[in-house]
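Take a look at the structure set out below.
The sequence lines fix the lettering, A, B, ..., with proteins before strands; numbering per chain opens at 1.
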Amino acid sequence: MHQFLIEPIVPLNLAGYDISFTNSSLFMILVLATIWVFMLGGMKRELVPGRWQAAVEGVTGFVNDMVSTSVGPEGKKYVPLVFSLFMFILVANFMGMMPFGIVPGGHAFTVTSHLTVTAVLAVLSFGTVLVVGFWKHKLHFFSLFVPHGTPWWLMWLIPFIELFSFLIRPFSLALRLFVAMTAGHVLMKVLAGFVINGLNADAAWVAPVVSLPAFVLMIGITMLELLVCAIQAYVFALLTSLYINDAVNLH
Amino acid sequence: MPQISQILATYASQFFWLLIVFALIYFVIGLGILPKVDAAVDARDAKIASDLAAAEKARTEAEELEGAWQAELTQTRNAAQAEAQKAKAKAQKDAEARLAKADAEIAAKTNDAEAAIAKARAAALAGLETVAADAAQDIVAKVSGIKVTAAQATQAVKAALSNG
């Protein structure tokens, strides 16, 4: 669990709150810098894009398509938010997979494996839905909880189910990402522990029997974990755009 | 699990730094850089679309030009054919007229020649009778000593020739 530990680097205090610059903050800044550098590569704005520009345009086009298919033409306004969420989660997930451990004393920190971070992201996503929904539809937004074609004799039940499923969205968004990242990293840690402890075992037969299969499995799990990193970022962004669609177009 | 056991000690720092970082990502990258990248993509799409439209227009123009050229070619060819037909008909008519004239001339010449030949033959025949009569008169006179008149000899020659 050491990999999830938050350690202060520069202790800071603001109005009684501890806002120390921690290893978590450091990785957030790293994520920001990575996204920034990546996006600056797309600023060449050439008519015939180079590889880097094509990569940047591929990512922006991907998010654009996702939002426009989920929300429609009105979704253009929300692309920056969905794009920011997608890029932050994607790069933070990948950053946690980087082999910083080869530097003595260093270890990768996965920003998105912290409930505090995923909760803020989920609240941003959910808050946008609430603000947009009430801004556009005023109190009519509550009709979201009464789907079309609800029989009158179910009126006492359906709105409550809908309300409940609506209110649970930020929790599911936050927990899904937090749990996926934490579980993946714990699994990798356990398998890596098998490899190391097998090699350090007194009995000579333990290394080939335990370490080797665990190492092979470790490679596969690492690939899977990289896939999960991308999928979780995609799921978060896709669900956010679907929720925005609810707010923009109701049902 | 540090995420939960540390939560009270670290939430302020996590919120603070995350909000700073995410605000930078949203305002600088999401609102600053992203629209420029999109604008570049849109500009390229527009450029491609306009280029395609221009190419399509050029193609239509070329097809129209080719059609006009074909029409002109067909017209010219028809005119040339008509001209050639006319020239051929005229040449044939001329040739026929000349042929007819030549035929007439040849026929006239042949007639003249035939008449001349007939006259010459008649003259020759007449001459032959006279010569034969003279010869007969002389022969008779020499052989028998009888004087035969020219009229009698001529009559005898005539009778012999017509019999012969």
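With contacts defined as side-chain heavy-atom distances shorter than 4.5 Å, the pair A:Thr182/B:Gln3 qualifies. Residues A:Val79 and B:Leu34 meet the side-chain proximity criterion, which asks for heavy atoms closer than 4.5 Å. Counting heavy atoms from C-beta outward, A:Ser24 and B:Ser13 have side chains that stay 4.5 Å or more apart.
Residue B:Leu18 touches chain A through both its backbone and its side chain, counting heavy-atom pairs closer than 4.5 Å. If you measure heavy-atom distances from A:Pro49 to chain B, the contacts under 4.5 Å come from both the backbone and the side chain. Contact of A:Phe21 with chain B is made through backbone and side chain together, with heavy-atom distances under 4.5 Å. Contacts of B:Tyr11 with chain A are made by both backbone and side-chain atoms, with heavy-atom separations under 4.5 Å. Proximity to chain A (any heavy atom under 4.5 Å) is restricted, for B:Lys47, to the side chain, taken from C-beta onward. If you measure heavy-atom distances from B:Gln14 to chain A, the contacts under 4.5 Å come from both the backbone and the side chain. In this structure, chain A has heavy atoms under 4.5 Å from both the backbone and the side chain of B:Tyr26. Within the 4.5 angstrom heavy-atom criterion, only side-chain atoms of B:Leu19, from C-beta onward, approach chain A.
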I'd like to know whether B:Asp38 forms a side chain to side chain contact (heavy atoms under 4.5 Å, CB included) with A:Asn64, so could you lay out the CA-CA distance, the side-chain angles of the two residues, the decisive distance to 0.1 Å, and finally the verdict.
CA-CA 9 Å; B:Asp38 282 350; A:Asn64 264 325; 3.0 Å; yes
Please evaluate residues A:Val111 and B:Trp17 with respect to the criterion side chain to side chain contact (heavy atoms under 4.5 Å, CB included), reporting the C-alpha separation (whole Å), side-chain torsions for both, the decisive distance (0.1 Å), and the verdict.
CA-CA 11 Å; A:Val111 178; B:Trp17 289 103; over 6 Å; no
Starting from the C-alpha separation in whole Å, work towards a yes-or-no answer on side chain to side chain contact (heavy atoms under 4.5 Å, CB included) for A:Trp36 and B:Ile25.
CA-CA 8 Å; A:Trp36 205 322; B:Ile25 292 178; over 6 Å; no
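When A:Ile35, A:Leu32, A:Ile29 are each tested for a side-chain contact (heavy atoms from CB on, under 4.5 Å) with B:Leu24, only one passes: A:Leu32.
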